[in-house]
Q: 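Input: one structure, supplied below.
Both backbone and side-chain heavy atoms feed into the values below; hydrogens, waters and symmetry mates do not. Just so we're clear, the structure is a prediction, and the values are computed from it rather than from any experiment.
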Amino acid sequence: MKFCLLDADYEVRGGKPVIILIGVDEKGNRVAVEDRFLPYFYSSSARKVQHVVRTERVKMKLGRQEKNLFKVYVDLPQNVQKVRDELKRSADCYEYSVNFCRRYLMDKGFYPFDWIKNGKKVSGGMPRLRLMAFDMEVVDGKIVMISFAGKSTGVITWKKAKNAIQSADEKGMIKEFLSVLEKEKPHIIVTYNGDGYDFDVLRQRMEELGLRGPRITFEKRAYMSSARISGFVHIDLFNFVNNLIFQQLASEVYTLAEVSEELLGKTKKDISYEEIISMWKDDVNALSEYCRNDSKLTLELSEKLLPQIFELSRVSGHLPFDCSRLTYGLLVEWFLVRKAVEMGIIFPNQPHWDEIQKRRLRRFRGGYVREPVQGLHDEISVFDFRALYPSIIVTFNISPETLNCKCCSSKVPGLDYHFCRRKRGFVPSVLEEVMQRRQELKKRMIKAKGENHEQLKSEQNALKLVANSTYGIFGSPSARWYCFECGEAAAAYGRHYIQKTIRDAENFGLKVLYGDTDSLFVVANESLAKKFLKKINSSLPGIMELELQGIYARGLFVPQKLGNYTAKKRYALLDAEGGMTVRGLETVRRDWCSLARSLQRDVLRLVLEKRHAQAAGRVKEVVEKLRKRQVKMDDIVMRTQLGKSLEEYKATGPHIEVAKQLKAGGHEVREGMVISYIIAKGRGSISQRAVPSDKAGIKDYDIEYYVMNQAVSVALRVLRSFGYREEDFLGGSLRKFLE
DNA sequence: TACGGACGGGG
DNA sequence: GGGTACGTCCGTA
């Protein structure tokens, strides 16, 4: 049978491990193919302890040497650790911590989306996969609505709603949804934060209601759990956006609304939980449309993002399930592991806990930041170094085995060690191949059309992600290829070249507004910018290159130091078409009231349009409204989650005080609850004046707190550098008013 | 000034 | 097959 590889799993049957490859055949059917494989690792000892099936002599490359080792085969994956612990008492062990399925795929040379026939790779293109996105709404711990979008779309709920399938109750609704899954048989299920929410609730409700269906399990990972649903590949787009492609997005908030807006150009109304509850009570039709739209957006987003996830899979060898949840570190680490295996090189062991702790204590200096010139500027050219760190690693051959060789001596700027200039290192050689492959793809991309063009684009983008993640592993304490000197050296070269470029720009007569690590903001029009670019690039070594990232009509820089804390990367740019790019300025957290959040957005846009007076006017307007209590409860409510049980708190923040009040009033207070509150007028600290939002009204809130700590505070972040002070928004009457 | 605690996505 | 994310910023002691 010929099939395209999508996923892999294993089980133990009759005391032997069985690999199960999951894929899709030429007709589009889901298939599961089994194979036999034995777990193994390398050791300098061939001692036959319990669980060892057999051993084999092998010659492997370890660092700069060739080494004779034994390949130690173990009966079951779960016994690898035991055997290793046993052998480790008297021998060296390598490559023991590799997931069994991953070991199988690496050894066979299988990559996801390879076509396989009789255990051999054969040619074939990308298969057409059936997708289904789903989304649900939850009120009072019950699922009230489920929508799905794939070949067919629909909404299921247990109240009457237009264009929705109605079921008798929650149980009937979930059953109906499971039967849709059964009928449509999607290869891929897509969600937006399904790992963190939907599947968790679905599993709980199914259990509580005694429903049978596909098994939902959670795989514990470092700082999140991944939801698996048997029979399908679950891809969580939120995790992919949040972990990997956030760098390519201007948005700093990764809500479905923001991400769809940026990637699809489709706006979605951001709706508060209260609104969802009230829609379920009073307007089920509206909730149904909202829910339907979320599935639809998730599906459309997946049409944009899945090609990227799949190409990343093909390039890195990670299964699509894992790929959608990768961090940069894991992405590049396993890519390097695969390359090492292909080259017959033993890959480094994972560091132990105490080693990680030791590494954590050492820190090297990061990128250079040139303080921004505060205020508003016209005609801004933004330059950045193309793949700064990868190009440095390749150009200066930075790798653990090239550090302080005997044959060379030219030192890293400001440091007293060097890297070999003659013999290619492992990391630079792999990285160079990645970068060359990417350049070729880019050339082919220009000529290609339609689907082919899109695939090439995704593939070169995947390579870009791999390249850009590589520098990080040198400095991350838990990485296999951790190398303090390598990280420190790459950072030192980076500082050297950005500082040199800033000096060159100034000598060229350009005003430098801001610089950070690999980027440079100057006042220059396009022709001047291009002249400068040409000059710099003729002097840069190796494959290092400066690029013109963009030209902006206007930009706003906010001071790094604000009060007693320092913040970085705070700016907003306005392009020629009026589009706004905002970095580091948003107050989007739910512990700010929505009035303050929307005020800051308004102020920012007005300032960029040089309508300062209007911006200040807008602040005054909000202050006035607050004083006259002409606001809605929704504008002033703050929400904070209880991170632990009430007894565990040492400090008492506002939400803790409110939680205590709720408890005293006979309400159940649990960990994880979101406490909604407002700050009321009266005596004492802010905490002492916090009251539950449903026990308070518009007449109760503390005007001074909302004016000063919320509205004026967020507005001043933007307006302070234009000489505005608190007093400017308060009018003369505030003091008097408060007294 | 130091420290505790919460933010992120979803509903 | 393993990381006590992680960088930011409020409120209180």
Q: If I pick the P atom on dG3(C) and the same atom on dG8(B), what distance separates them, to the nearest angstrom?
A: 25 Å
Q: Crowded around K268(A) NZ? As in, over 12 foreign heavy atoms under 6.0 Å?
A: yes
Q: Under a plain distance cut-off of 3.5 Å, with no hydrogens placed, do R325(A) and H234(A) share a side-chain donor-acceptor pair?
A: yes
Q: Rounded to whole angstrom units, what separation is found between the CD1 atom of I235(A) and the C1' atom of dG9(B)?
A: 17 Å
Q: Short question: side chain of Y706(A), backbone of I636(A) - any donor-acceptor pair under 3.5 Å?
A: yes
Q: What contact category does D198(A) fall into here, base, sugar-phosphate, or nothing, at under 4.0 angstrom with non-hydrogen atoms?
A: nothing
Q: Has R228(A) got its NZ or CZ under 6.0 Å from the middle of the six-membered ring of F321(A), at an angle within 45 degrees of the ring axis?
A: yes
Q: When you get a sec, tell me which of dG11(B), dG1(C), dG9(B) is the closest nucleotide to the side chain of N193(A)?
A: dG9(B)
Q: Just to be sure I understand the rule, does L330(A) reach a base, reach only the sugar-phosphate, or reach nothing, if contact means heavy atoms closer than 4.0 Å?
A: base
Q: Out of dG1(C), dG5(B), dG10(B), which nucleotide sits closest to the side chain of T255(A)?
A: dG10(B)
Q: Would a distance-only check, ignoring hydrogens and angles, find a side-chain to backbone donor-acceptor pair under 3.5 Å from S313(A) to H318(A)?
A: yes
Q: Mind checking if D294(A) touches a base, just sugar-phosphate, or nothing, with heavy atoms under 4.0 Å?
A: sugar-phosphate
Q: Any idea which of dG9(B), dG1(C), dG11(C) is nearest the N709(A) side chain?
A: dG11(C)
Q: With a 4.0 Å cut-off on heavy atoms, is S476(A) in touch with a base, just the backbone sugar-phosphate, or nothing at all?
A: nothing
Q: How would you label the contact of Y192(A) with the nucleic acid (heavy atoms, under 4.0 Å): base, sugar-phosphate, or nothing?
A: sugar-phosphate
Q: How is Q357(A) classified with respect to the nucleic acid when contacts are heavy atoms under 4.0 Å: base, sugar-phosphate, or nothing?
A: sugar-phosphate
Q: Where are the stems of DNA chain B, defined as at least 3 consecutive Watson-Crick or wobble G-U pairs with both distances under 3.5 Å?
A: B:1-8 with C:6-13
Q: Is there a residue in residues 677-690 of chain A whose heavy atoms reach under 4.0 Å of DNA chain C, and which residues are they?
A: S685(A), I686(A), S687(A)
Q: Does either side chain, that of N79(A) or that of D75(A), offer a donor lying less than 3.5 Å from an acceptor on the other one?
A: yes
Q: So what does S478(A) hit on the nucleic acid, given a heavy-atom distance under 4.0 Å: a base, only sugar-phosphate, or nothing?
A: base
Q: How many Å lie between OH on Y273(A) and C1' on dG9(B), as a whole number?
A: 15 Å
Q: Select base, sugar-phosphate, or nothing to describe what Y96(A) touches, counting heavy atoms under 4.0 Å on all strands.
A: sugar-phosphate
Q: Calculate the interatomic distance between H352(A) atom NE2 and dG1(C) atom P; express it in whole Å.
A: 13 Å
Q: Looking at I235(A), is its backbone amide N or carbonyl O close enough to the side chain of S324(A) to form a donor-acceptor pair, meaning the two atoms are under 3.5 Å apart?
A: no
Q: Cation-pi check for F484(A) against R363(A): NZ or CZ below 6.0 Å from the six-membered ring centre and within 45 degrees of the axis, yes or no?
A: no
Q: CG of L297(A) versus P of dG9(B): gap in Å, rounded?
A: 16 Å
Q: Using a cut-off of 4.0 Å on non-hydrogen atoms, how would the nucleic acid contact of V98(A) be classed: base, sugar-phosphate, or nothing?
A: sugar-phosphate
Q: For W334(A), which contact category applies under a 4.0 Å heavy-atom criterion: base, sugar-phosphate, or nothing?
A: base
Q: Does Y705(A) make a side-chain N or O approach to OP1 or OP2 of dG11(C) shorter than 4.0 Å?
A: yes
Q: R597(A) CZ to dG8(B) C1': how many Å, rounded?
A: 13 Å
Q: Taking the P atom of each, how far is dG9(B) from dT8(C), in whole Å?
A: 16 Å
Q: Heavy-atom count check: over 12 atoms from other residues, nucleotides or ligands less than 6.0 Å from E726(A) CD?
A: no
Q: Take atom CD of Q641(A) and atom C1' of dC10(C), then tell me their distance rounded to the nearest Å.
A: 17 Å
Q: For dT4(C), take OP1 and OP2 only and decide whether either is under 4.0 Å from a side-chain N or O of R360(A).
A: yes
Q: Determine the contact category for I271(A): base if any of its heavy atoms lies under 4.0 Å from a base atom, sugar-phosphate if only primed atoms, P, OP1 or OP2 are that close, otherwise nothing.
A: nothing
Q: To the nearest Å, give me how far apart CG (N243(A)) and C1' (dG8(B)) are.
A: 12 Å
Q: Does the side chain of R717(A) get closer than 4.0 angstrom to OP1 or OP2 of dC10(C) through an N or O atom?
A: yes
Q: Does H655(A) have a side-chain nitrogen or oxygen under 4.0 Å from the phosphate oxygens OP1 or OP2 of dA6(B)?
A: yes
Q: How long is the line joining NZ of K660(A) and C1' of dT12(C), in whole Å?
A: 13 Å
Q: Is the base of dG10(B) stacked against the aromatic ring of Y197(A), taking ring centres under 5.5 Å apart and planes under 30° as the test?
A: no
Q: I want to check one thing: is the phosphate of dG3(C), taken as OP1 and OP2, less than 4.0 Å away from some side-chain N or O of Q350(A)?
A: no
Q: Find out whether the Lys NZ or Arg CZ of R480(A) is both under 6.0 angstrom from the six-membered ring centre of W334(A) and within 45° of the ring's axis.
A: yes
Q: Any chance CG of D282(A) has more than 12 other-residue heavy atoms, nucleotides or ligands included, within less than 6.0 Å?
A: yes
Q: Using O4'-C1'-N9-C4 for purines and O4'-C1'-N1-C2 for pyrimidines, with syn meaning within 90° of 0, is dG11(C) syn or anti?
A: anti
Q: Rounded to whole angstrom, note down the P distance from dG4(B) over to dA5(C).
A: 16 Å
Q: Is the gap between the ring centers of Y10(A) and Y104(A) under 6.0 Å?
A: no
Q: By the 4.0 Å heavy-atom rule, please label D135(A) as base, sugar-phosphate, or nothing.
A: sugar-phosphate
Q: Considering only atom P, compute the distance from dG10(B) to dT4(C) and round it to an integer number of Å.
A: 28 Å
